[in-house]
Number of protein chains: 2
Amino acid sequence: MTTLEITTQSITDMEVRAHDGHHASLRLWLRLLSCATRIEDTIRQRLREQFGITLPRFDLMAQLEREPEGLSMSELSRRMMVTGGNVTSIVDQLEKEALVKRQMLLTDRRSFTIKLTAEGRSVFTAMAKAHEAWIVELLSPLGASQQEDLHHLLGILKSRKHNPTQEKT
Amino acid sequence: MTTLEITTQSITDMEVRAHDGHHASLRLWLRLLSCATRIEDTIRQRLREQFGITLPRFDLMAQLEREPEGLSMSELSRRMMVTGGNVTSIVDQLEKEALVKRQMLLTDRRSFTIKLTAEGRSVFTAMAKAHEAWIVELLSPLGASQQEDLHHLLGILKSRKHNPTQEKT
DNA sequence: TATTGTTATACTCTATAACTATA
DNA sequence: TATAGTTATAGAGTATAACAATA
């Protein structure tokens, strides 16, 4: 992409080389972002059209699906990386649709456990199946070994922690 | 990631293999999404903290920066893939800050051309420079040749068109 | 009639901060 | 005091649809 052409004038050869590397990184980033966004938008749209659900609600249900014992609000907040108030509203909506339930805790009356309802579990299973098929379809331009390569490269990229709230150097 | 474990019981070996491939695609997708989101969030946060600007406004300015002749509202809408009303509000905000300007068109009095102001251009240059350095930093876990590999693989992924509003097969 | 752009409205997600109840 | 969760508020981005002006 040429979205971000540099406007610097009169630079040396070394700087040119550095800028070339910079531009390569930029192009890579724009391509990465574009791939991810396009797939995400497709998923988002299909989830809404076919199941009347949003991605955050789907994600919250996915968190619960893998934890049959349920999760507390604060744990959901931590895992979904959003603040508590937002979890409250997402859980409210899902509870209104009887897809999840709040369960009192005997040990701590401030807290409770969020679980999928039976219906929530069954609905989620259907959604997850469709979701998985969409992903397979959308990634299909890449063969299996290419997907492995990509997985590996992204693993390296992911390995370095980005902690924007704390990192300073 | 194991976010979306399948709950199907009693499946045959072939189905297991298919599901393994499916799971591999899912894991790949979740990793891709996670990498993109983490970088994007970091960029978003730094743009706001250091320049008081949002990503869509930055993106709109980037579109204008590469088109010295300016762009119409509808062309901006097309390129940014958002509806017209949203472009109006983003341009309104940028115009209020004197970073872009609307310019009357003599040939069509319904339309006009959006351009960066001199200040907008200078501000954008500074932001783009910082932005580029952030990208270089955030992609630095990967070496140059790994970045090339990643770029290539994503190119393949991107090549297949996803047109969610039209595709039907 | 079709197109350009604006306005109005509504919805979702998000963060922040004040608040209640409990530990 | 600290923690769990809720509520209230505000802001951004988005889509849809009705609208005015012009082509």
Side-chain angles (χ1 to χ4, degrees), chain A residues 33 37-38 40-49 51-61 70-97 100-115 164-165, chain B residues 33 37-38 40-49 51-61 70-97 100-115 164-165:
Chain A
L33 181 59
T37 303
R38 196 154 48 161
E40 189 180 7
D41 288 349
T42 302
I43 297 297
R44 212 182 277 276
Q45 182 178 350
R46 292 185 184 178
L47 279 176
R48 192 176 52 233
E49 284 173 356
F51 296 103
I53 200 171
T54 62
L55 201 45
R57 285 177 222 176
F58 178 79
D59 286 343
L60 192 145
M61 290 181 77
L71 292 168
S72 66
M73 296 297 278
S74 48
E75 182 59 22
L76 278 170
S77 167
R78 197 186 64 69
R79 295 199 187 190
M80 300 187 63
M81 299 174 69
V82 294
T83 53
N86 302 311
V87 174
T88 295
S89 93
I90 295 175
V91 167
D92 283 350
Q93 292 162 320
L94 289 172
E95 197 169 32
K96 209 181 324 179
E97 302 180 68
V100 309
K101 61 189 169 195
R102 285 174 167 92
Q103 207 164 70
M104 306 286 298
L105 261 190
L106 300 173
T107 51
D108 185 340
R109 285 191 302 175
R110 292 171 304 179
S111 182
F112 34 64
T113 299
I114 319 299
K115 286 185 182 177
T165 45
Chain B
L33 181 60
T37 302
R38 196 155 46 160
E40 189 180 7
D41 287 349
T42 303
I43 297 298
R44 212 183 277 276
Q45 183 178 348
R46 292 185 184 177
L47 279 176
R48 193 175 52 233
E49 284 174 356
F51 296 104
I53 200 171
T54 64
L55 201 43
R57 284 176 222 176
F58 178 79
D59 287 343
L60 192 146
M61 291 181 77
L71 293 168
S72 67
M73 296 296 278
S74 49
E75 182 59 22
L76 278 170
S77 167
R78 197 187 63 71
R79 295 199 187 191
M80 298 186 66
M81 299 175 67
V82 294
T83 55
N86 301 312
V87 174
T88 295
S89 93
I90 296 174
V91 168
D92 283 349
Q93 291 163 321
L94 289 172
E95 198 170 30
K96 209 181 323 180
E97 302 180 66
V100 309
K101 60 188 170 196
R102 284 174 169 92
Q103 208 163 70
M104 306 288 296
L105 261 189
L106 300 172
T107 52
D108 185 340
R109 284 192 302 177
R110 292 172 305 181
S111 181
F112 32 64
T113 299
I114 318 300
K115 287 185 180 177
T165 47

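Chain naming here is simple, since letters A, B, ... match the order of the sequence lines and numbering starts at 1 in each.
- Listed nucleotides D:dG5, C:dT3, D:dT14 differ in distance to A:S111; the shortest reach to its side chain belongs to D:dG5.
- Taking every side-chain heavy atom of A:D108 into account, C:dT22 is the closest of C:dT22, C:dT4, C:dG5.
- Between B:I53 and B:R57, the shortest heavy-atom contact is CG1-CB, 3.7 Å.
- Closest approach to the B:M73 side chain among D:dG5, C:dT6, D:dT14 is made by C:dT6 (side chain taken as heavy atoms from C-beta onward).
- Between C:dG5, D:dG5, D:dT16, one nucleotide has an atom nearer to the side chain of B:T83 than all others, and that is D:dT16.
- The distance from atom CG of A:L105 to atom P of C:dT22 is 14 Å, rounded to the nearest whole Å.
- If you check distances only, the side chain of B:R109 never reaches the base of D:dT22 with a donor-acceptor pair under 3.5 Å.
- The two residues A:G70 and A:K115 make their nearest non-hydrogen contact at CA-CG, 3.8 Å.
- Distance alone, capped at 3.5 Å, places no donor-acceptor pair between the A:S72 side chain and the A:T113 backbone.
- Between B:I90 atom CD1 and C:dT6 atom P there is a gap of 12 Å when expressed in whole angstrom units.
- Residue-level contact check: A:S77 touches neither bases nor backbone, having no heavy atom under 4.0 Å from any strand.
- Whole-Å rounding puts the B:R44 CZ to C:dA15 C1' distance at 13 Å.
- Of the residues near DNA chain C, A:L55 and A:L106, the one whose nearest nucleotide (by heavy atom distance) lies more toward the 5' end is A:L55.
- For the residue pair B:D92 / B:S89, no side-chain donor-acceptor distance below 3.5 Å is found, with atom types taken as modelled.
- When heavy atoms are screened at a 4.0 angstrom cut-off, B:S89 is found touching no nucleic acid atom at all.
- For the pair B:R78 and C:dT3, the criterion of a side-chain N or O lying under 4.0 Å from OP1 or OP2 is not met.
- Note: CG (A:N86) to P (D:dT6) measures 12 Å, nearest angstrom.
- When distances are taken from the side chain of A:T88 to each of D:dG5, D:dT14, C:dC13, the shortest belongs to D:dG5.
- Here D:dA4 presents its P atom at 13 Å from CG of A:L76, a figure rounded to the nearest Å.
- Closest to the side chain of B:R57, from the set D:dG13, C:dG5, D:dA23, is D:dG13.
- Each of B:E95, B:E75, B:M73, B:Q103 was compared with B:I114 under the side-chain contact (heavy atoms from CB on, under 4.5 Å) criterion, and only B:M73 meets it.
- Considering only the side chain of B:F112, C:dG5 comes nearest among C:dG5, C:dT14, C:dA2.
- Within the nucleic acid shown, B:R48 has no heavy atom closer than 4.0 Å to any nucleic acid atom.
- Closest to the A:T54 side chain, of the nucleotides D:dT6, C:dT12, C:dG5, is C:dT12.
- Regarding B:D92, its CG atom lies at a distance of 12 Å from the P atom of C:dA8, rounded to whole Å.
- With DNA chain D read from its 5' end, the first of the two nearest nucleotides for B:R110 and A:G84 is the one closest to A:G84.
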>> If you apply the rule side-chain contact (heavy atoms from CB on, under 4.5 Å), what do you find for B:D59 with B:R79, and how did you get there?
In response: CA-CA 10 Å; B:D59 287 343; B:R79 295 199 187 191; over 6 Å; no
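- Listed nucleotides C:dT4, D:dA15, C:dT12 differ in distance to A:Q93; the shortest reach to its side chain belongs to C:dT12.
- Residue A:S74 is in sugar-phosphate contact alone, with no base atom involved, counting any heavy-atom pair closer than 4.0 Å across all strands shown.
- Look at CG on A:D41: it is 13 Å from C1' on D:dA15, rounded to the nearest Å.
- The interatomic distance linking A:Q45 (CD) with C:dT12 (C1') rounds to 16 Å, in whole Å.
- Between A:T107 and A:M81, the residue anchored closer to the 5' end of DNA chain C is A:M81, taking for each the nucleotide with the nearest heavy atom.
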